[in-house]
Amino acid sequence: MNMTREKWIYTGVGLLVLLVLVSSTKKVALIEVRESTDQPTFDSSDLPPALKPPYKLAEGEQIPRPIKKNLYLFSIGLKPRFDT
Amino acid sequence: MIFSVPTRHEELTLLIKVKTFEPQKIRIKVIDAQQPNTSFTDRYKTIDGESIFFVRMPVSPQEALVYIYNEANGNMAAGMDNSIEIESITKEPLEKKLDVIDFSNPLIRSFVNFATRFSYNAGSLSSGTYASDDKKFIIKYLPIIEDGGVEQTTPARIDVDSGIIEISKRQFLDYTVPNRIAILLHEFSHVYVNDNLDDEVEADLNALLIYLGLGYPRIEAFEVFAKTFLNAPTEENKIRYDKISNFIDNFENYNTFIHE
């Protein structure tokens, strides 16, 4: 009796995992498009909050003093560059 | 061939299955259909038979355009180029390793949000000064980075006194969104994550830990460092590249310790 019940539980879990796998993989219909020579129209107001452009300071607006960390005496004036 | 894929700003991985009948150099580009100067990958692979391109996209546009073509023949419409077949394009969930990132650190949370929004929009942003929502981070988006009137080869640098990051717009426009994220995370790591703030290798590895944990593609990380180091092929940069390469290879196995 217990063995049968266990088998049903394992089957159920297996089906659930299969369902999750199948539903999370989506084949895209292959829609070919032509290269456009027109400049695409882009409106950033349609973007989700996590992708909205960051705040731009107005001309003459005081630059906020960013926080500093790990500063030590010999680091003053240092400007590490990406390429060195 | 150019295919339109609705990605709806979701986090996802695109699997592009391609078939060739003899070794062919196949180019893949994924760009934003709406936002100018915004690409997510631009790479090639020599394929003989069937192969799959994995394009990890922690950030995606509303609609992506996927360019696939044989470099020898150029970009031709489907049916015109018999040397290549596109078998399928599939969207799969993005694999991330957020546990390797210290998101309990509010600085990391804030900067990742700022860097993502800046990198995604950099193709259409005008030059100027940008601030994170909490005003803790500042990016000066300059037409070029110059010292004493001479344009510098670096795409970015950070002033360790003020924490202000300078970005060269001229160079940034050519980079993919993952490339831009890797550069910004490197500069951020110098001042806010590193133990030794002027250690380049430590900044590289700290940045990569966040970058790879967020699910960005490994190949784009290799590419951005390779591209930059080609402009400055010093002995130190060669050592950096070897360490980066080793770190990325080991990341999947969690063998990632930063001892610098």
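Residue numbers start from 1 in every chain, and the chains themselves are labelled A, B, ... in the order their sequence lines are given, proteins ahead of strands.
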Measuring from atom [atom1] of [X] to atom [atom2] of [Y], what distance do you get when rounded to the nearest 0.5 angstrom?
X: B/Leu107; Y: B/Ser132; atom1: CG; atom2: OG; value: 9.5 Å
X: B/Leu185; Y: B/His190; atom1: CG; atom2: NE2; value: 12.0 Å
X: B/Leu14; Y: B/Phe54; atom1: CG; atom2: CZ; value: 11.5 Å

Thinking salt bridges, do B/Arg8 and B/Glu63 make one under a 4.0 Å N-O criterion?
->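 No, B/Arg8 and B/Glu63 are not salt-bridged.
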Which answer fits [X], side chain, backbone, both or neither, if we ask what part of it has an atom under 4.5 Å from a heavy atom of chain A?
X: B/Ile183; value: both
X: B/Thr7; value: neither
X: B/Phe118; value: both
X: B/Tyr141; value: neither
X: B/Gln62; value: neither
X: B/Leu65; value: side chain
X: B/Val224; value: both
X: B/Ser110; value: neither

Heavy atoms only, distances under 4.5 angstrom: which of [options] has the most pairs with chain A? Name it, please.
options: B/His9, B/Arg157, B/Gln35, B/Lys140; answer: B/Gln35
options: B/Ser126, B/Ala203, B/Pro61; answer: B/Ser126
options: B/Ser4, B/Ala77, B/Ser124, B/Ala131; answer: B/Ala131

Could you give all pairs that pass the salt bridge (Lys or Arg N to Asp or Glu O under 4.0 Å) test and reach residues 114-131 of chain B, with sequence neighbours left out?
->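 Matches after skipping sequence neighbours: B/Arg117-B/Asp133.
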Do other residues, nucleotides or ligands put more than 12 heavy atoms under 6.0 Å from the CD atom of A/Glu61?
->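 Counting other residues, nucleotides and ligands, CD of A/Glu61 exceeds 12 neighbours.
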Tell me, out of A/Arg34, A/Lys27, A/Glu32, A/Lys52, who's got the most heavy-atom pairs with chain B below 4.5 Å.
->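 Ranked by contacts with chain B, first place is A/Glu32.
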Count the heavy-atom pairs under 4.5 Å between each of A/Asp43, A/Leu57, A/Leu51 and chain B, then report the option with the highest count.
->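 Result: the option with the highest number of such pairs is A/Leu51.
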What about B/Tyr130 and B/Phe137, are their ring centers closer than 6.0 Å?
->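 Judged by ring-centre distance (under 6.0 Å), B/Tyr130 and B/Phe137 do not meet the cut-off.
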Of all residues at least two apart in sequence or in a different chain, which pass the ring pair (Phe, Tyr, Trp, His ring centres under 6.0 Å) check with B/Phe53?
->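 Partners of B/Phe53 under the ring pair (Phe, Tyr, Trp, His ring centres under 6.0 Å) test: none.
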Between B/Lys136 and B/Phe114, is NZ or CZ placed under 6.0 angstrom from the six-membered ring centre and within 45° of the ring axis?
->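 No, B/Lys136 does not lie over the aromatic ring of B/Phe114.
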